[in-house]
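Note sheet for the following structure.
Below, all heavy atoms of this structure are taken into account, side chains as well, without hydrogens, waters or symmetry copies. Lettering follows sequence order; numbering is per chain, from 1.
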There are 2 protein chains.
Amino acid sequence: MTEVERISKRGAIRQENEARILAAAEKVFAEAGFGGATMQLIADMAGLPKANLHYYFATKEELYRKVVQQIFEIWLHAADSFDNAPGPVEAIGAYIDAKMEISRRHPFGSKVWASEVMHGAPVIQDYLETTLRDWTAGRARLIQKWIDEGKMAPIDPNHLLYMLWATTQHYADFGHQIETLNGGMPLSDQQWKAAKASVKTIILRGIGAL
Amino acid sequence: MTEVERISKRGAIRQENEARILAAAEKVFAEAGFGGATMQLIADMAGLPKANLHYYFATKEELYRKVVQQIFEIWLHAADSFDNAPGPVEAIGAYIDAKMEISRRHPFGSKVWASEVMHGAPVIQDYLETTLRDWTAGRARLIQKWIDEGKMAPIDPNHLLYMLWATTQHYADFGHQIETLNGGMPLSDQQWKAAKASVKTIILRGIGAL
DNA sequence: GTCTATACACAGATAGAC
DNA sequence: GTCTATCTGTGTATAGAC
C-alpha cells in the first residue's frame with residue numbers, strides 16, 4: 001500500500017465512521033434528548049466502541065452540534081422552491097410539499113431541532129440570529145410583494161411562515177401522537193398524501209390564494 | 001395546637017411545598033428536558049433542600065409524571081369552548097384563542113408536553129390511548145357534522161385538529177425562535193393579538209367557514 | 001486508527017440526627 | 001416534617017496497549 005493509498009483509505013474510513021456516528025447520534029438525540037442521550041447508546045447503535053466516538057468527536061456537545069447543523073442545512077434547501085415561483089400558490093404549495101417530505105424522511109432531525117429550540121437554542125443561537133433571520137426576512141418580503149400585487153390576502157408574513165413551519169414539522173415532532181391516534185399505525189402513503197393535501201388546501205385557501 | 005389543627009397545618013405545608021416543587025419542576029424540565037434536569041436544580045429553584053423533593057416525590061420520574069398530568073388537565077379544559085357552540089366559526093375561533101392563551105401563560109407546560117410526546121410518550125402513553133383518543137374522536141365527529149350541514153368545506157377532521165394543535169402550541173414550543181426573529185423581544189400584547197387574528201383568519205377561511 | 005481499562009465528576013436516592 | 005452527610009451507580013472523557 002502506497003502512502004497515497006493509505007491516506008485515501010484513512011480518509012474513507014473516517015468519512016464512513018463519522019457518517020455512521022452522526023446517523024446514530026441523530027436517532028439517539030431525537031429519542032432521548034441531549035441530556036438523556038449517552039455516548040454509550042450512540043456507540044452501540046453505530047456499532048463502535050465508545051472511545052472511538054471521542055476519537056472522531058472530542059465531546060458529546062461537538063457531536064450534537066454537528067447533528068444540529070446537518071439538519072439546518074436540509075431545512076434551508078427545502079426552501080429553494082420558494083424562490084423562482086410565479087406566485088404564492090406554486091411557491092407555498094411546493095414548500096409545504098418539501099417540508100412534509102422532510103418530516104416524513106427525517107423525523108429524527110426535526111425532533112432534534114425542535115428540542116434544541118425549545119431549550120433556548122444553546123448551541124445554534126448564532127444561526128437563528130444570522131442565517132435564519134436573513135432567510136425569514138427575505139421570504140417575508142416576497143410574501144408582502146404578493147400581497148401588494150393582489151395575489152393573496154393581506155396576512156402578516158411572519159405569522160404565515162410560523163404556521164407553515166408549525167404544521168409541517170408537527171407531522172415529525174408529534175408523529176408518535178399522530179400514530180397513536182391513527183390506531184397505532186404509521187401514516188400510509190395514502191394518508192401522507194391526504195395530509196399534504198389538507199395542509200395545502202387549508203393554508204392556500206386561508207391566505208386567499210385559491 | 002389541637003390534633004386537628006396540627007393535621008390541617010401539615011396538610012397545608014404539604015400542599016404548598018408540592019405546588020412550589022411542581023412549578024419549579026415544570027420550568028426545569030421544560031428548559032433542560034427530563035434527562036438534562038437535575039433534582040438539585042429543581043430544589044434550588046423551589047428553595048428547598050434536595051432531600052425534601054424526595055420526601056414529597058419518591059423519584060424524579062414520579063415528579064415528572066405529575067408535571068405532565070397537570071399540563072394535560074389544562075389542555076383538556078381549553079376544549080370546553082368547542083362544545084355547545086353553534087358552528088365552526090365560534091367553536092374553532094374560541095378554541096384557537098384558548099390554546100393561544102395557554103401557549104402564552106403556560107409555555108413551560110407546553111414544552112414539557114412536546115418533549116414527552118417527541119420521545120415517544122414513555123410516561124403518558126396510556127393517556128394518549130384513552131382520554132386523548134376519545135376526545136379527538138368526539139371532536140372529529142362534531143367537525144364532520146358541520147361539514148355535512150354545509151357549515152364548512154369538506155376537510156379531514158383529524159388533519160384540521162393537528163393543524164390547530166401545531167399552530168397554537170408553536171407559539172410556546174418555538175417561542176424562543178419567534179422571539180429571536182422578533183429582534184430578541186418577546187411578543188407584545190399587540191403582537192399576540194395579531195398572532196391570534198392571523199391564525200384564526202387563515203384557518204377559518206381555510207376551512208371555508210368564513 | 002482501534003479498543004480495554006480507568007479516572008473523575010456528578011447524578012439520584014437514602015440514612016439518620018434534629 | 002427538615003436537612004446534612006453519604007452511598008451507589010453511571011456518565012463523560014482519557015490513558016495507553018495494540
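- Between Glu18(A) atom CD and dT2(C) atom P the separation is 11 Å, expressed in whole Å.
- Taking atom CD1 on Ile13(B) and atom C1' on dC3(D), their separation rounds to 15 Å, with Å as the unit.
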What is the per-nucleotide protein-contact pattern of nucleotides 4-18 of chain D, from the 5' end, where B denotes a base atom under 4.0 Å from a protein heavy atom, S denotes such proximity for sugar-phosphate atoms only, and - denotes neither?
B------SBBB----
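- We find the CE-NE2 distance between Met118(A) and His176(B) to be 12.5 Å, quoted to the nearest 0.5 Å.
- Residue Glu16(B) contributes atom CD, which lies 13 Å from atom P of dG1(D) at whole-angstrom precision.
- With sequence neighbours left out, the salt bridge (charged side-chain N to carboxylate O under 4.0 Å, His left out) criterion links Asp97(A) to Lys200(A).
- In this structure, Lys66(B) forms no cation-pi arrangement with Phe57(B), as its terminal cationic atom is not both closer than 6.0 Å to the ring centre and no more than 45° off the ring axis.
- Heavy atoms from other residues, nucleotides or ligands lying under 6.0 Å from CZ of Arg205(B) number more than 12.
- Separating the CG atom of Leu53(B) from the P atom of dA11(C) is a distance of 14 Å, rounded to the nearest angstrom.
- Evaluation of the salt bridge (charged side-chain N to carboxylate O under 4.0 Å, His left out) rule for Asp126(A) yields no partner, not counting sequence neighbours.
- Residue contacts for Phe57(A): at a heavy-atom cut-off of 4.0 Å it reaches no nucleic acid atom on any strand shown.
- Following rounding to the nearest Å, Tyr56(B) (OH) and dA13(C) (C1') show an atom-to-atom distance of 18 Å.
- Atom CG of Asp83(A) is surrounded by more than 12 heavy atoms from other residues, nucleotides or ligands within 6.0 Å.
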